[in-house]
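As structure tokens, the structure follows; a few thoughts come after it.
First listed ligand is number 1; within each ligand, the first listed atom is number 1.
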Amino acid sequence: MAEATKITLRRPDDWHLHLRDDLILEAVVAFTARRFARAIVMPNLSPPITTEAQARAYRGRILAALPVGADFTPLMTCYLTDDAEPDEIIRGFKEGVFTAVKLYPAGATTNSANGVTDMGAVLGVLEGMEKAGIPLLVHGETTDPRVDIFHREAVFIDRTLAPLIERFSGLKVVFEHITTSDAVDFVTSAGPNVAATITAHHLMINRNAMFEGGLQPHMYCLPVAKREHHRLALRVAATSGNAKFFLGTDSAPHTLATKETACGCAGIFSAPAALEQYVQVFDEDGALETFEAFASLNGPAFYGLAPNEATITLKKIAGQVPGDIPIENAEGPKGAIKPFMAGEALSWTLVD
Ligand code: NCD
Ligand code: ZN
């Protein structure tokens, strides 16, 4: 068979995205809207999005920040807290404002301080969500500081996720941005109501990338990249065609000022080229025929939405990840945002 040099697929969706707000939102949203028809927008603003009214207002700001003519629908999420009200969440879902609810264990990652401290506090909410069919999106890392950071995902499965899924067997759960073979195995053997998103960067880098020639803050995100055998397990899962695995970039912009500092933020900003990078991974693994399932079909099927009708085309033409994205803010040049693998070569280019 001749080597594929072109791929046309239904427009993909990004099932895990951070757009932030204000100037950063304005600077980053076009990268996503150019490539993806819809995105699940994370609610970890400061303060977080916990009410239907906040989500409506944030959705309005996202739509207002889109370039003229963009065809992009933000799907909003609710940030789960210990004192969340089941009625607020269920009403927001029924009114079409919330698409899902995000569980951050308190302290697990960026802007998670208001997250859930004790799963016992949210049992009533989870019960209501199970009945209403509202998906729970899980940041799956234990916050127990005694657990090695590279084992926090695996320990979370045993201590929190497995018992949760056993108790709420009908709850739709997305295990977000999985990074380990343990997570791949867990999701694969769970029921059809349990799925996972996989980022482009976790398919491309292992933990060495954070220390290559010195400390590399732009390779640091949570969950942190793991060992090579975990990366390879993620590639097998993503390219398998298994409907439980779908695209979620976890593109998470932070300014240079907050990344390149003594205590740098977690988050990799991949939106400018994540789609092209995913295609490259599938091409390298001889799996272009399963790319549409991963990028455009499995996610909508899990969420109970129709896949997009429009298509996009990528060609195997050399390209380049953009350099730093400037932001006109108080931080001056340090207010810019560096994309994942900024300036590096891309082997696929979006042409239509
Ligand atoms: C995310 C962020 O910056 O909001 N950071 C990250 O490292 N992925 C939060 C998250 O998804 O964990
Ligand atoms: Zn995220």
**Prompt:** Transitively linked via ILVMFWY side-chain contacts under 4.5 Å: Tyr220 with Tyr104?
**Reply:**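 Tyr220 does not cluster with Tyr104.
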**Request:** Apply the ring pair (Phe, Tyr, Trp, His ring centres under 6.0 Å) test between Phe294 and each candidate in Trp15, Phe246, Tyr278; give the one that qualifies.
**Result:**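 Running ring pair (Phe, Tyr, Trp, His ring centres under 6.0 Å) over Trp15, Phe246, Tyr278 with Phe294 returns exactly one hit, Tyr278.
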**Asked** For the side chain to side chain donor-acceptor pair (under 3.5 Å) test, which of Arg231, Glu153, His201 pairs with Thr179?
**Response**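 It is Glu153, the one option of Arg231, Glu153, His201 that forms the side chain to side chain donor-acceptor pair (under 3.5 Å) with Thr179.
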**Message:** Using the side chain to side chain donor-acceptor pair (under 3.5 Å) definition, which of the options Asn308, Thr73, Asn298 pairs with Asp13?
**Reply:**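 When side chain to side chain donor-acceptor pair (under 3.5 Å) is applied between Asp13 and each of Asn308, Thr73, Asn298, only Asn308 qualifies.
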**Prompt:** Who are the residue neighbours of ligand 1 when the rule is a heavy atom under 4.0 Å from any of its atoms?
**Reply:**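 Contacts of ligand 1 under 4.0 Å: His16, His18, Arg20, Asn44, Thr109, Thr110, His139, His177, Cys221, Leu222, Asp250, Ala252, His254, Ala266, Gly267.
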**Request:** For residues Met204 and Phe340, determine if any side-chain heavy atom of one lies less than 4.5 Å from a side-chain heavy atom of the other.
**Result:**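 Side-chain contact under 4.5 Å: yes.
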**Prompt:** Considering all heavy atoms of both residues, which atom of Gly115 and which atom of Tyr79 are nearest to each other, and what is their separation?
**Reply:**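 It is N-OH, 3.3 Å.
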**Asked** Quick one: CD1 on Ile268 to NE2 on His18, what's the gap to the nearest 0.5 Å?
**Response**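 Here the interatomic distance stands at 11.5 Å.
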**Separation between CZ of Phe245 and CZ of Phe302, rounded to the nearest 0.5 Å** =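 Result: 11.5 Å between the selected atoms.
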**Message:** Looking at Lys102 and Glu176, is there a salt bridge between them, counting it only when a charged N and a carboxylate O are closer than 4.0 Å?
**Reply:**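 Salt bridge flag = no for Lys102 with Glu176.
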**Message:** Distances under 2.8 Å only: what protein N/O/S atoms are near the Zn ion (ligand 2), ordered by chain and residue?
**Reply:**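 Near the Zn ion (ligand 2), below 2.8 Å, one finds His16 NE2, His18 NE2, Asp250 OD1.
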